[in-house]
Amino acid sequence: MNLKPLADRVIVKPAPAEEKTKGGLFIPDTGKEKPQYGEVVAVGPGKIADNGQVLDMQVAVGQKVLYGKYSGTEVAVEGEDYLIMRESDIFAILG
């Protein structure tokens with residue numbers, strides 16, 4: 001992947017949408033909800049504070065994260081879908 005996020009941006013690979021329910025019923029494409037979690041594939045250097053100091057990122061590459069339903073900007077790179085979002089759009093680190 002040739003994307004490098006800037007400032008406090010994070011690139012997340014969303015988890016695939018569920019194919020069937022817990023009861024075993026298959027979900028049609030129109031009924032699938034977008035997942036709200038995924039894996040961090042790249043992080044920027046950090047946010048620049050008002051005093052010019054770079055604040056370290058709290059997430060790292062490889063972590064699974066939980067984010068808001070409408071967070072980020074969807075992009076496709078080399079046939080793969082990714083989300084670019086600010087670190088503040090991430091609610092929690094999973095696991």
* **Asp50, CG: over 12 other non-hydrogen atoms inside 6.0 angstrom** => no
* Does any non-hydrogen side-chain atom of Val12 lie less than 4.5 Å from one of Val65? -> yes
* Single-linkage hydrophobic cluster Val59~Phe91, side-chain heavy atoms < 4.5 angstrom -> no
* Asked: What are the two closest non-hydrogen atoms of Val54 and Pro45, and how far apart are they?
  -> CG1-O, 3.6 Å
* Closest contact, heavy atoms only, Val77 versus Tyr82 -> O-CE1, 4.0 Å
* To do: Please answer: with hydrophobic residues joined when any side-chain heavy atoms are less than 4.5 Å apart, are Ile11 and Ile93 in the same cluster?
  => no
* Does the side chain of Met85 reach to within under 4.5 Å of the side chain of Arg9, using non-hydrogen atoms? -> no
* **Heavy-atom closest contact (Ser71 atom, Leu83 atom, distance)** => O-CD2, 4.0 Å
* First locate atom NZ of Lys47, then atom OG of Ser88, and finally report the distance between them rounded to the nearest 0.5 Å. => 7.0 Å
* Asked: Is Gln53 close to Ile48 at the side-chain level, that is, under 4.5 Å between some pair of heavy atoms?
  -> no
* **Carboxylate-amine/guanidinium proximity below 4.0 Å for Glu80 and Lys13** => yes
* **Val40-Met57 co-clustered via ILVMFWY side chain contacts under 4.5 Å** => yes
* To do: Check whether any side-chain heavy atom of Pro14 sits under 4.5 Å from a side-chain heavy atom of Tyr67, and report yes or no.
  => yes
* Side chain to side chain, Gln58 and Ile90, heavy atoms closer than 4.5 Å -> no
* To do: Give, for atom CG of Asp8 and atom CD of Glu87, the distance between the pair rounded to the nearest 0.5 Å.
  => 6.5 Å
* Indicate, with yes or no, if Leu55 and Val10 share a hydrophobic cluster defined by side-chain heavy-atom contacts under 4.5 Å among Ile, Leu, Val, Met, Phe, Trp and Tyr. => no
* To do: Would you check if Leu3 and Val75 make a side-chain contact, meaning some heavy-atom pair closer than 4.5 Å?
  => yes
